[in-house]
Student: 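Sharing a structure here in structure tokens format.
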There are 2 protein chains.
Amino acid sequence: MKFSIQPALPEDAPIILSLIRELAEFERLLDQVTATEAQLREQLFERRAAEVVLARAGTEVAGFALFFHNFSTFLARPGLYLEDLYVRPSFRGQGCGAALLRYLARLAVERGCGRFEWSVLNWNQRAIDFYERLGAKPLDEWTTYRVSGDALVRLAQS
Amino acid sequence: MKFSIQPALPEDAPIILSLIRELAEFERLLDQVTATEAQLREQLFERRAAEVVLARAGTEVAGFALFFHNFSTFLARPGLYLEDLYVRPSFRGQGCGAALLRYLARLAVERGCGRFEWSVLNWNQRAIDFYERLGAKPLDEWTTYRVSGDALVRLAQS
């Protein structure tokens with residue numbers, strides 16, 4: 001199937017929120033979603049805190065990717081970090097995920113990025129196999145730590 | 001010891017590069033550093049691709065942190081991502097790392113961030129113990145994948 005990939009527009013906020021909720025359900029994390037359409041519109045299209053591209057098959061939305069730039073200190077160059085990649089079930093296995101990743105890899109090269117990164121849930125073997133076929137390498141030797149919610153406020157006030 | 005923490009200025013580029021090289025040496029990754037002073041000046045102070053704060057004891061630079069904003073899709077809010085934290089050996093064990101982390105936690109709260117994150121090398125048990133005492137939790141269930149160099153160009157051209 002042929003997928004067309006384009007940057008999302010402000011009027012796409014409702015479909016972006018639907019896709020985020022579908023992704024969260026797949027990741028068994030739906031209880032963590034508090035995002036609203038208004039917040040997405042503000043953060044993505046006014047503050048430009050992240051960017052979204054949508055993949056369409058004809059007029060139907062098949063999937064999306066949300067990304068932003070990180071930074072490599074060692075290279076003193078930005079990188080491209082893919083926060084979320086999601087393809088709707090009925091469009092899977094038809095090259096939509098690969099098309100989104102290729103689009104972002106091209107964008108990373110055009111923008112002078114030294115690397116293109118994303119994270120995957122360790123139980124998602126289908127995704128892991130797919131990423132490794134595309135040439136991605138796991139950063140096994142690193143673990144990410146997070147402070148959020150009350151712990152973040154406590155650390156800020158300590 | 002009392003540490004004062006302040007945003008770095010363009011004239012700090014040489015000391016920032018020295019600190020990046022010291023950190024890379026500690027991480028056994030010095031061969032990966034290609035950053036130059038001119039690149040750091042451009043990326044940090046013209047393009048604002050990342051931010052740096054310096055910790056000083058009197059007039060001596062004791063350590064630094066380099067960070068940028070990431071984005072939580074589920075929260076539709078930015079996060080603060082600490083890319084590098086480094087304290088010079090002669091200033092360790094005196095609260096400099098904790099002072100830098102507290103400063104960034106305050107900044108994260110002030111800027112409306114939903115979370116504050118960083119990554120640690122799995123063999124750096126001293127750092128892991130320190131982060132867990134501050135309330136950070138490991139995101140054990142995730143692995144980061146990276147495409148860079150020739151593999152990135154290949155993916156972009158595929």
Side-chain angles (χ1 to χ4, degrees), chain A residues 20 23-24 29 32-36 39-40 43 47 49-50 66 68-78 81 83-84 101-102 105-106 108-109 114-123 128 131 134-148 151-156 158, chain B residues 20 23-24 29 32-36 39-40 43 47 49-50 66 68-78 81 83-84 101-102 105-106 108-109 114-123 128 131 134-148 151-156 158:
Chain A
I20 290 169
L23 169 62
L29 297 171
Q32 294 184 20
V33 177
T34 63
T36 65
Q39 283 176 312
L40 286 172
Q43 295 289 342
R47 297 178 184 254
L66 183 142
F68 49 79
H69 288 290
N70 60 12
F71 189 76
S72 163
T73 316
F74 291 178
L75 305 178
R77 284 167 71 185
Y81 189 87
E83 177 69 18
D84 278 321
L101 286 169
R102 275 198 301 269
R106 274 197 293 270
V109 170
R115 56 198 196 187
F116 174 25
E117 295 165 317
W118 60 87
S119 296
V120 61
L121 280 162
N122 295 333
W123 52 257
I128 291 168
Y131 296 148
L134 294 176
K137 304 283 181 214
L139 304 182
D140 293 308
E141 70 278 31
W142 294 90
T143 300
T144 299
Y145 276 72
R146 175 182 293 174
V147 188
S148 58
L152 178 58
V153 174
R154 270 198 306 278
L155 181 58
S158 68
Chain B
I20 289 169
L23 168 63
L29 298 171
Q32 294 185 18
V33 177
T34 62
T36 65
Q39 283 176 312
L40 286 172
Q43 294 289 343
R47 295 177 186 255
L66 183 142
F68 49 79
H69 288 289
N70 59 12
F71 189 76
S72 163
T73 315
F74 291 177
L75 305 178
R77 284 167 71 184
Y81 189 87
E83 177 70 19
D84 278 321
L101 286 169
R102 274 197 301 269
R106 274 197 293 270
V109 170
R115 55 198 198 187
F116 173 25
E117 295 165 317
W118 60 88
S119 296
V120 62
L121 280 162
N122 295 333
W123 51 257
I128 291 168
Y131 296 147
L134 294 176
K137 303 283 180 215
L139 305 182
D140 293 309
E141 71 278 29
W142 293 91
T143 299
T144 299
Y145 276 73
R146 175 182 294 174
V147 188
S148 58
L152 178 58
V153 174
R154 269 198 306 279
L155 181 58
S158 68

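By convention in this document, chain letters (A, B, ...) are assigned in the order of the sequence lines, proteins followed by strands, and residues within each chain are numbered from 1.
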Student: Would you say that B/W142 contacts A/L121 through its side chain, given a criterion of any heavy-atom pair below 4.5 Å between the two side chains?
Tutor: yes

Student: Heavy-atom pairs under 4.5 Å with chain A - which of B/P78, B/G114, B/P138 has more of them than the others?
Tutor: B/P138

Student: Grab the two heavy atoms, one from B/A76 and one from A/L40, that are nearest each other, plus how far apart they are.
Tutor: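 Looks like CB-CD2, 3.9 Å.
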
Student: So do A/E117 and B/R146 actually touch side chain to side chain, heavy atoms under 4.5 Å?
Tutor: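 Side-chain contact under 4.5 Å: yes.
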
Student: Tell me, side chain or backbone of A/L66 under 4.5 Å from chain B's heavy atoms, or both, or neither?
Tutor: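 For A/L66, the side chain is the part near chain B, not the backbone.
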
Student: Is B/N122 reaching over with its side chain to a backbone N or O of A/D140, donor-acceptor style, under 3.5 angstrom?
Tutor: yes

Student: Sort out for me which of A/A35, A/A108, A/S72, A/A49 touches chain B most, counting heavy-atom pairs under 4.5 Å.
Tutor: A/A35

Student: Nearest 0.5 Å please: distance from the CD atom of A/Q43 over to the CZ atom of B/R77.
Tutor: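 So the gap between those two atoms works out to 9.0 Å.
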
Student: Under 4.5 Å, counting heavy-atom pairs only, tell me which of A/A136, A/G135, A/A151, A/S148 racks up the most with chain B.
Tutor: A/A136

Student: When rounded to the nearest 0.5 angstrom, what is the spacing between OG1 in B/T144 and CZ in A/R115?
Tutor: 10.0 Å

Student: How would you list, by chain and number, every residue that makes a ring-ring contact (aromatic ring centres under 6.0 Å, His included) with B/F71, sequence neighbours excluded?
Tutor: none

Student: Just wondering, do B/T34 and A/F74 contact through their side chains at under 4.5 Å, heavy atoms?
Tutor: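 Not touching, per the 4.5 Å side-chain cut-off.
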
Student: Any non-hydrogen side-chain atom of B/L155 less than 4.5 Å from a side-chain atom of A/R102?
Tutor: yes

Student: Look at B/V153, B/L139, B/V33 and state which one has the largest set of heavy-atom pairs under 4.5 Å with chain A.
Tutor: B/L139

Student: In terms of heavy-atom proximity below 4.5 Å to chain B, should A/F68 be classed as side chain, backbone, both, or neither?
Tutor: side chain

Student: With sequence neighbours left out, what residues match A/Y145 under ring-ring contact (aromatic ring centres under 6.0 Å, His included)?
Tutor: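 ring-ring contact (aromatic ring centres under 6.0 Å, His included) check on A/Y145 returns nothing, list empty.
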
Student: Within the structure provided, determine whether A/L152 and B/V109 are in side-chain contact (heavy-atom separation under 4.5 Å).
Tutor: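 Yes, at least one pair of side-chain atoms sits under 4.5 Å.
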
Student: Kindly give the heavy-atom pair with the smallest separation between B/R106 and A/A156, and that separation in Å.
Tutor: CG-O, 2.9 Å

Student: Do you know which of A/N70, A/L101, A/I128, A/L23 has the most heavy-atom pairs with chain B at a distance under 4.5 angstrom?
Tutor: A/N70

Student: How long is the span from the CZ atom in A/R154 to the CG atom in B/L134, to the nearest 0.5 Å?
Tutor: 11.0 Å

